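Remember, predicted model here, so these are calculated numbers, not experimental data. Residue numbers begin at 1 in each chain, while the letters A, B, ... track the order of the sequences. Quick note: numbers below take in every heavy atom, side chains included, and nothing from hydrogens, waters or symmetry partners.
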Amino acid sequence: MIAFTLRRLLLLLPVFFVVSLVVFFIIHLVPGDPIDNLMRAGSTPEQRLQIAAKYGLDRSLVEQYLTWMGRLLTGDLGTSIIQGRPVSTLIAHNMPYSLQLGIAALLFSTLTGIAAGVIAASYQGTRVDDAITGFILLGSTVPSFWLGLLLILVFAVWLGWVPVSGARGWTSLILPVIAAGLGGIALVARVTRIAMIETARQDFVVLLHAKGLPPFLIQLRHVLRHAMVPVVTILGLRIGWVLGGAVTIEYVFARPGLGSLLIRALNQRDYPLVQGCLLMLAMAVIVGALIGDIVQAAMDPRQREARS
Amino acid sequence: MTDRRTLAFLNAVSTFKGGISGAFLLLLVIAALLAPWLSPYPYDLQDLGVMNQAPSMTHLLGTDEFGRDVLSRMITGARTSLSVSITAIGISVVLGLVLGATCGYFGGTFDRIVMTVVDLTWSFPEILIALMLVAIIGPGLEGVVIAIAIAYLAQFTRLTRTQIMSLKSETYVEATVSLGAGHTHILFSHLLPNALAPVLVAAMLATGDAIILEATLGFFGLGAQPPTPSWGAMMSSGTAQLFIAPWVILLPGLAVALTVVFLNLFGDALIAALDVRTKLREA
């Protein structure tokens with residue numbers, strides 16, 4: 001298990017290298033001169049040279065990358081052009097809000113999704129199953145930001161039950177969690193439902209029925225346990241999406257967070273901040289996927305063999 | 001070959017699900033193509049006397065903050081949203097077929113490098129890949145097309161590769177090889193035509209996701225730039241009016257949701273008719 005974890009950690013190095021390379025080149029690939037992109041309108045030629053020197057844009061690409069990487073490793077992500085504050089400070093301020101929303105949405109969608117899947121499978125072929133299957137289709141097709149706006153309109157504006165936007169207290173977390181979690185619920189419910197139905201056909205389940213065990217006990221104690229394997233696989237992939245997937249929702253609800261920070265930076269062409277946010281989000285995805293892998297390997301020894 | 005596929009298509013359309021969804025999609029495409037003639041008003045006609053009006057007889061779906069007709073903007077928006085998503089997925093499918101076929105057929109170092117990159121992008125949410133690319137290319141419709149095309153490239157490459165690899169070992173391919181057929185002939189006449197069905201179904205389902213992704217980027221103000229309407233861009237400018245003119249946001253969102261639901265239903269009908277479910281799941 002420790003060997004497995006260490007091997008997976010080592011595999012992260014090349015991934016991190018590629019991601020950092022892509023993010024580094026953003027500033028060189030955008031149309032126009034990188035120095036112009038870093039300047040405010042109406043700067044003098046002296047200021048231009050200053051900026052070139054400050055960001056090291058007068059040196060070779062390799063040199064620039066190495067300096068950038070060196071700074072990165074000490075936690076220095078540069079300075080936001082528009083806000084004039086260190087990118088790392090801005091990210092540190094916004095990160096907790098993203099984590100809060102992402103983790104709450106993951107928990108909510110997992111629990112609700114498994115419950116919905118189990119109910120649908122237990123009442124397979126009935127109206128209940130149809131309703132849940134229909135909901136699954138709807139949940140995976142409705143744009144999450146639109147659902148967010150709809151929820152704001154109904155529950156915040158018309159009914160006035162929760163705050164419209166922002167991040168004040170736990171009530172302001174309810175609507176974003178529902179909006180961010182819906183796609184996840186649909187996914188988990190679909191996988192759980194299919195896995196439950198397929199497991200229920202296996203011989204050992206037929207035997208349990210023959211022995212006269214109450215059906216709900218068979219479903220919960222035996223079928224569900226077997227059906228959890230593909231669900232955990234899907235969840236392992238989803239952990240990495242905790243932060244990345246919430247980008248849209250943060251923007252809609254005007255919540256602080258990495259996502260809304262990134263969208264604002266993109267619209268204002270604040271490239272150092274764009275780089276910092278993208279790097280953090282990408283790292284979050286990678287680390288999340290790693291956690292997912294390790295959890296899965298800990299639960300299922302076969303995975304350890306297959307993936308090492 | 002072609003006959004069997006036409007038959008499968010007809011089978012799909014003749015089911016209840018396939019028929020309804022097919023009809024809706026056909027109407028939508030016609031509306032998008034005939035947008036300039038079907039819209040009751042020009043999409044960019046501003047009439048500040050009728051700002052933020054609720055749906056009425058003169059403006060069936062109401063007006064937005066500049067007094068523009070929402071129905072006309074939605075019809076023209078369908079044109080933008082559909083053409084962007086279809087173009088993007090089209091590019092993605094063609095590139096995916098080429099990359100996947102090359103990897104699956106020849107294997108080797110090239111295959112390993114491509115698959116490493118594919119596996120890497122696989123673990124990232126599409127929205128994050130798209131945002132990364134929009135950051136590089138810059139906001140606008142071209143940027144969105146390229147971003148969506150690349151965000152889905154991994155999926156089509158992987159699917160094509162799996163198909164080609166399993167087809168490669170079929171007896172009829174071995175027979176063709178022993179008859180002295182060249183690589184080009186085998187790839188284009190035998191492998192690709194048989195690998196196409198699941199890829200095209202996957203493309204249909206991905207078009208639905210692409211419409212959502214396009215709407216999301218448009219909503220962020222990174223897609224269609226004013227005054228060009230797209231469903232996402234309409235919702236973006238409507239956010240400020242959410243409380244006084246909710247229809248400006250609700251209707252384009254509904255259009256996105258309905259289109260994607262029907263694309264999925266039609267895709268499902270096609271999957272059943274073409275019998276490609278297991279092939280899609282393998283990849």
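Between chain B and the options L266(A), V142(A), L147(A), V274(A), heavy-atom pairs under 4.5 Å are most frequent for L266(A). The most heavy-atom pairs under 4.5 Å with chain A, out of V256(B), L250(B), I212(B), L222(B), come from L250(B).
Both the backbone and the side chain of A282(A) come within less than 4.5 Å of a heavy atom of chain B. Residue M235(B) touches chain A through its side chain alone, counting heavy-atom pairs closer than 4.5 Å. Of the two parts of L262(A), only the side chain, counted from C-beta on, holds a non-hydrogen atom closer than 4.5 Å to a non-hydrogen atom of chain B.
One finds the CG atom of L281(A) at 8.5 Å from the CG atom of L131(B) (value rounded to the nearest 0.5 Å). To the nearest 0.5 angstrom, W146(A) atom CH2 is 13.0 Å from T216(B) atom OG1. Rounded to the nearest 0.5 Å, atoms CG (L254(B)) and CG (L150(A)) are 9.0 Å apart. Distance CD1/I249(B) to CG/L149(A): 4.5 Å, rounded to 0.5 Å. Note that CD1 of I127(B) is 5.0 Å distant from OG1 of T248(A), once rounded to the nearest 0.5 Å.
Contact of the L137(A) side chain with the L265(B) side chain is registered, since non-hydrogen atoms from C-beta on lie closer than 4.5 Å.
Contact detail for P246(B) and L153(A): the closest heavy-atom pair is CB-CD2, 3.5 Å.
Using the six-membered ring where Trp is involved, F145(A) and F219(B) have ring planes that are parallel, under 30° apart on the 30 and 60° scheme.
By the neighbour-count criterion of 12 heavy atoms within 6.0 Å, atom CE of M204(B) is densely surrounded, having more than that number from other residues, nucleotides or ligands.
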